[in-house]
Amino acid sequence: MLNLFAEKPDNSLKIKEIKNWTRKVFELNDDCHIIVTELQCQEPDCPDLETVIAFWTTDQDREQYKIYKPIADVNLSDIHNLMLD
Amino acid sequence: MLIEHKTPVTVLTGFLGSGKTTLLNRILTEQHGKKIAVIENEFGEIGVDNELVIGADEEIFEMNNGCICCTVRGDLIRILGNLMKRKDKLDYILIETTGLADPAPVAQTFFVDDEMKEQYSIDGIVTVIDAKHVLMHIEDSDECQQQIAFADVILLNKIDLINPAELQELENRIRRMNPMAKIHHTQNCELAIDNILNVKAFDLSKKVEFNPDFLKEELPFEWAGVYELDNKNYDWILQAGPDETMDMLIEPISDLDENTIEKAKKKAIIQFSEEALSKKNKAYLHSKGKLNQLVLPNSESIFKIKPTEAGKYIFLTQHLPEEFSAVLQADNQIIEPIWQNEYAASHEHDDEVTSVGISLEGNLDGYKLNTWLSKLLQEKGVDIFRMKGILSIQNEPRRFVFQGVHMLFDGKPDRIWEKNEPRLNQLVFIGRNLDRQELNKSFRACLAKG
C-alpha cells in the first residue's frame, strides 16, 4: 500500500550521485541528458519500488534500464551490472 | 535568503483549426521582450520572430510497459534538459501539442525527474476549443475528451459561429466533463493573457476553489420520511421497479425539527456506507442501527417492520419510494408519513469522460483514507485523469490539500481549520467511466467513527 500522506524522502543527492555514476560507467558526455526516477510497479512479483535510469545518446537513441530497488538503495555496482546485462 | 525561481511552463492543447497558433501568436506579441521558448510538435505559422522556437518529435517514453501513468515525453525531457544548460534564464516556456496529443504524458514529464522539478513548474494546461466544430469530435475522439478533461483553462473559441443557446449547451456539457477548468468565451482567442499564463493551476499553495454548484452534497439516499409507529406489525409493500435491490435504513427519531433531521441525515450517511443485510420478501427489516438491502424481484414484495417501542421513525431509501409504488400499511390501512423530503438524485452524463464531485462533512480516518486512495489509484489510476481535493483528517488541525494526474499524487497540509469552520471534505475526480455511486460510498466509508 502507498503511504500518500508520508513525507517523501529527499533523494536529490542520491539522484545526482546515480547520474554521475551512470555518466562515468557508460562514458556519456556532458551534453547527454540522464533521468533517474522511482516507480511503483503494479506487476505481481515485482518489488514495491524500482529505479528507472534513462539517457539519450542522440535525439533518436534512448537507452533505459531498471534496477529493482528504491533509489536510496542503488549503488555503483548496480550501474556496473547494467553494462553487463 | 535564496529565492526559488522555477521557469513556468504552459501546455497549449486543442484540435487542428481550433485557434491554438492564434493564441500562441497573441501571447508572444503581448509578452514581447520576455524570453519565451516555444516547443512545438507541428510547425504552425508563428508570426512573431522568436529565436527560441524548438521542434519536438513527440517521443512517447513508456517507463513501465505501456502503463499510461508511467508514460512521459522523451523529446520534452531532452529539450528541457538542454534549455536548463542555457546561461540566460528563460522567463517562460510554452509547449504547443499536436491536435491529437494526449496531455497526460506531457504533464507527467514534469514530475518524473527531480532536476526537472527543481527547474520548471508546470503552470497549467490550456485547451482551445472550436465552439462550432467540437461536437463533431467530442463523441468519438479520445484525444478531444482528454484535452477537455485535463484542462485548467478552456477557451471556447469562435463563439461568433454559434448562437447563445448552442454556446450554453456546449458549456454545460464541457462543465460536466471538467468542473475545475476556468472557461472563457472568445473570438480569435481574444482575452487578457493573465487568464492563460501564471495561473498556477498545479500549485498546491494556491487557494483550491471548487464550483459550489458542482459540489452539492450528494447523498446515498433519495428520500426520507418520518412515520409515527406503534409496537406492532407493519407491512412495507413495494412493486417491481427500476432496480433489483434498494438500500433502506429505519431509525428512531425524537423530533421533526431541522437540527434533529440534519443529525439523523449525517448519521445515515455513515450507515449507508456500511455493509447492508440482505432482506427478501416477507423478511423483517431492522428498525434500528442496521442497513437493510431489500431484494426486489419482478413482482410485489412485502417486508415486515415491528418497532421495539412506539414512537417516530425515519425511513431513508436509496431510491424514491414512488419508483416502486411503495406504501406502508398496517391493519389494511395505508399509513402516511408525518414528514418527508426528496433529495437530489445523482447527476447523469452521457459522456464517457465525466467528473465526480464529493462533498462530505466530517473527519476522515487517516488509515482508511490512505488505504482507499492507494487502492483507487492502483486500480483506477489509468481512468482518473485529474483529481483535486481538500480533506479533513481526524486529529489533524490543518486541512490536507492534494491533486493528481493519473497515479501521480501530490499532497500537503495546508492552513489550519478555523474554529467554527465546518470540516468539509471536497474532492473532484475527472476521468473515464467513473462509478459515481461507488466513489461516494467508498469515500464515505473513510469517515472516522465517533
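Numbers restart at 1 for each chain; the letters A, B, ... are given by sequence-line order, proteins then strands.
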Over all atoms of both residues, closest heavy-atom pair of D113(B) and V36(A) = OD1-N, 3.2 Å
So does E275(B) have more than 12 non-hydrogen atoms from other groups sitting under 6.0 Å from CD?
-> no
Minimal non-hydrogen separation, L39(A) against C70(B), with atom names | CD2-SG, 4.1 Å
Chain A contact via D75(B) - side chain, backbone, both or neither, heavy atoms under 4.5 Å = neither
Close side-chain approach of W56(A) and I77(B), heavy atoms under 4.5 Å | yes
What residues form a side chain to side chain contact (heavy atoms under 4.5 Å, CB included) with S442(B), not counting sequence neighbours?
-> W372(B), E438(B)
Between chain A and each of K412(B), E115(B), M116(B), M84(B), count heavy-atom pairs under 4.5 Å; write down the option with the most.
-> E115(B)
Chain B contacts: which residues in residues 73-84 of chain A have a non-hydrogen atom closer than 4.5 Å to it?
-> none
F111(B) portion near chain A, given a 4.5 angstrom heavy-atom threshold = neither
Which bit of E62(B) is near chain A, if near means a heavy-atom gap under 4.5 Å: side chain, backbone, both or neither?
-> backbone
Atom CD in Q64(A), atom CE in M63(B): separation rounded to 0.5 Å?
-> 8.5 Å
Roughly how far, to the nearest 0.5 Å, is the NE2 atom of H33(A) from the CD1 atom of I79(B)?
-> 11.5 Å
State which residues pass side chain to side chain donor-acceptor pair (under 3.5 Å) with D435(B); sequence neighbours excluded, sorted by chain then number.
-> none
Using non-hydrogen atoms and a limit below 4.5 Å, what part of residues 15-26 of chain A faces chain B?
-> I15(A), K16(A), K19(A)
Counting heavy-atom pairs under 4.5 Å to chain A, which of G381(B), G366(B), G74(B) comes out on top?
-> G74(B)
Could you tell me the separation between the NZ atom of K117(B) and the OG1 atom of T37(A), rounded to the nearest 0.5 Å?
-> 7.0 Å
